[in-house]
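In what follows, a single structure is set out as structure tokens and then discussed.
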Amino acid sequence: ASRLITGGSIVAPVPVLPLPRDELKFLRLKEWKKVDAFRKRLLNEAADGKIDGEGDELPLPPDMEWRQQLLLNYCYGHEQSSVLLFPYGLFVNYINHAPSSSESSDGPVANVKLQWSERLMNSTTTSNNFDLRSLTPSQLWDQSTRLEGLILELVALRDIQPDEEILLDYGSIWSEAWKEHSDQYPDSILKLADDHTLEKEFSPAYIMDDAVTNLRTAEEQAQFPYPENVFTACFYRYENETTIQNDTVNKDKTKATPWKMSLGLFDMTNLRPCKVISREPANDRFATPQQLQKQGQPPQGKMLYTAIIQNRPGLPANERIPKGTKHIVSGIPRGAFRFVDRPYASDIHLDGAFRHNIGVEEGIFPEVWLDLKSE
């Protein structure tokens with residue numbers, strides 16, 4: 001909190017977007033191939049009368065479970081509902097969990113709770129002339145329904161002091177799931193290694209950035225590759241008017257565009273995939289030839305690199321290197337390089353990574369949404 005928030009006052013509005021829980025399920029490409037083969041076999045057996053072919057959805061193979069998108073961790077949900085609520089208000093997705101004061105805990109306790117903001121919903125103009133909370137999940141997902149106008153709010157349970165962290169109780173079901181995950185996760189990672197599920201060395205990008213001082217060239221990586229989950233990138237601003245005539249490589253000498261430092265270069269929008277092809281000592285440019293001769297090999301990490309710069313997805317046309325062009329840049333310092341996690345390859349996407357929606361108090365989800373409730 002940046003100021004004193006008195007108990008009972010509104011901390012922040014929380015507009016939410018309803019989502020179907022099933023939409024957050026997914027499988028990887030290799031898994032879909034196994035599923036297709038398994039379901040084809042089931043269909044053949046059903047046609048032969050060996051199994052009952054009825055049912056709305058064919059099952060997954062016995063040794064496979066649906067994966068869950070990371071988005072699930074940020075959604076509010078109820079265990080008896082197929083509806084999830086994704087909060088998209090400012091900063092509300094950064095509120096951490098703490099147990100309620102009724103639970104025994106030596107640490108901090110929750111200081112806010114969620115409730116429907118009837119005041120804001122009544123004053124918000126939407127294209128719907130009805131309350132979305134009156135619809136069943138199947139009615140919510142009807143294409144004619146505009147999923148707008150649902151607003152929760154965070155309410156202070158007591159006075160919250162300046163600089164005190166805002167904390168929300170995620171619910172007992174979430175707490176139990178997190179405890180089970182915390183207890184089992186180290187063992188599950190070891191099991192993945194034993195089962196050779198982690199076929200190659202794994203190291204997150206932020207670890208690689210700290211551990212690797214001198215970058216390997218593409219030739220060196222052929223023998224000593226980096227972990228498959230990362231790739232190298234560097235900060236570089238491509239100028240479309242740069243002539244390509246020097247961007248060539250031959251067996252004897254590398255000619256390249258020199259790397260330039262400029263204002264705003266280290267903005268993440270300028271981070272592009274690259275392939276290191278050579279490196280050389282970064283000698284002191286003020287040293288005399290005699291001093292350079294005496295210096296010999298520079299200190300560890302004091303190297304300049306030459307790299308092939310590549311495009312990344314989403315670049316505007318004027319920042320894209322023309323197709324078929326090998327754009328080579330020289331004199332790149334180590335500080336301009338970053339290791340980057342490949343999509344869906346960081347540690348939060350490992351098998352066994354935690355996935356569970358944030359729980360809400362009873363009464364937040366209307367009865368009509370509890371479509372998974374057992375009779």
Side-chain angles (χ1 to χ4, degrees), residues 70 90 94 203-222 224-287 292 298-349:
L70 181 62
L90 290 175
Y94 295 102
S203 184
Y206 65 90
I207 297 293
M208 295 293 291
D209 271 328
D210 288 341
V212 178
T213 303
N214 285 337
L215 299 171
R216 300 170 191 165
T217 65
E219 185 177 354
E220 291 169 338
Q221 289 184 59
F224 304 103
Y226 290 130
E228 288 188 347
N229 62 291
V230 296
F231 64 91
T232 51
C234 72
F235 289 97
Y236 177 71
R237 184 178 284 121
Y238 175 73
E239 298 176 358
N240 206 19
E241 51 274 0
T242 300
T243 58
I244 310 301
Q245 59 186 11
N246 289 332
D247 300 352
T248 59
V249 178
N250 57 46
K251 294 181 180 179
D252 301 323
K253 191 175 182 181
T254 299
K255 294 182 179 180
T257 300
W259 184 86
K260 297 178 182 178
M261 181 62 191
S262 59
L263 184 64
L265 178 63
F266 283 83
D267 188 284
M268 293 303 293
T269 57
N270 295 319
L271 188 64
R272 310 169 71 112
C274 67
K275 183 185 296 184
V276 175
I277 56 177
S278 67
R279 64 175 177 269
E280 59 185 13
N283 292 314
D284 183 0
R285 63 191 179 97
F286 297 107
L292 289 175
Q300 181 77 355
K302 300 298 182 181
M303 307 290 287
L304 293 177
Y305 298 86
T306 299
I308 300 174
I309 308 298
Q310 300 168 325
N311 292 322
R312 63 167 177 80
L315 283 172
N318 65 321
E319 294 182 19
R320 294 189 64 81
I321 298 168
K323 189 175 181 180
T325 300
K326 184 180 287 187
H327 188 72
I328 300 173
V329 177
S330 64
I332 310 173
R334 173 63 181 90
F337 287 90
R338 297 290 185 274
F339 283 92
V340 178
D341 292 304
R342 295 187 186 278
Y344 291 96
S346 65
D347 49 5
I348 59 175
H349 294 290

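- Between the side chain of Arg237 and the backbone N or O of Ser262, no donor-acceptor pair lies under 3.5 Å.
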Where do Ser330 and Leu304 land on the side-chain contact (heavy atoms from CB on, under 4.5 Å) test, with the steps shown first? CA-CA 8 Å; Ser330 64; Leu304 293 177; over 6 Å; no
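- Summarising the geometry of Cys234 relative to Ile309, their closest heavy-atom pair is SG-CD1, 3.4 Å, with the distance given to 0.1 Å.
- With a 4.5 Å cut-off on side-chain heavy atoms, Met268 and Phe235 count as touching.
- Between the CD atom of Glu220 and the CG atom of Leu215 there is a distance of 10.0 Å, given to the nearest 0.5 Å.
- Taking every heavy atom of both residues into account, Arg312 and Thr269 meet most closely at NH2-O, 2.8 Å.
- Taking both residues in full, the closest heavy atoms of Thr213 and Tyr305 are given as O-OH, 3.8 Å, listed atom of the first, atom of the second, then distance.
- Residues Cys274 and Ala307 come closest through the heavy atom pair CB-CB, 4.2 Å.
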Q | Trace of the side-chain contact (heavy atoms from CB on, under 4.5 Å) decision for Trp259 with Leu265 | A | CA-CA 11 Å; Trp259 184 86; Leu265 178 63; 3.3 Å; yes
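- Taking CG of Asn270 as the reference point, atom CG of Leu315 lies at 9.0 Å (rounded to 0.5 Å).
- Note that the CD1 atom of Ile277 and the NZ atom of Lys326 stand 7.5 Å from one another [nearest 0.5 Å].
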Q: Apply side-chain contact (heavy atoms from CB on, under 4.5 Å) to the pair Thr217 and Arg279, showing each step before the final yes or no.
A: CA-CA 8 Å; Thr217 65; Arg279 64 175 177 269; 3.8 Å; yes
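- Minimum heavy-atom separation, Arg216 to Gln221: O-NE2, 3.3 Å.
- Taking CD from Glu280 and NZ from Lys302, the interatomic distance works out to 15.5 Å, rounded to the nearest 0.5 Å.
- Between Glu319 atom CD and Asn311 atom CG the span is 10.0 Å, to the nearest 0.5 Å.
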Please tabulate, for the side chains in residues 336-348, all donor-acceptor contacts under 3.5 angstrom to protein atoms that are two or more places apart in sequence or on a different chain.
| residue | atom | partner | partner atom | Å |
| --- | --- | --- | --- | --- |
| Arg338 | NH1 | Gly335 | O | 2.7 |
| Asp341 | OD1 | Ala205 | N | 3.1 |
| Arg342 | NE | Glu228 | O | 2.9 |

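- Pairing each heavy atom of Ser203 with each of Met208, the nearest pair is OG-SD, 3.6 Å.
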(Q) The test is side-chain contact (heavy atoms from CB on, under 4.5 Å); show your working for Thr257 and Tyr238 and say whether it passes. (A) CA-CA 10 Å; Thr257 300; Tyr238 175 73; over 6 Å; no
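- The aromatic rings of His327 and Tyr236 are tilted relative to each other, their planes meeting at an angle between 30° and 60°.
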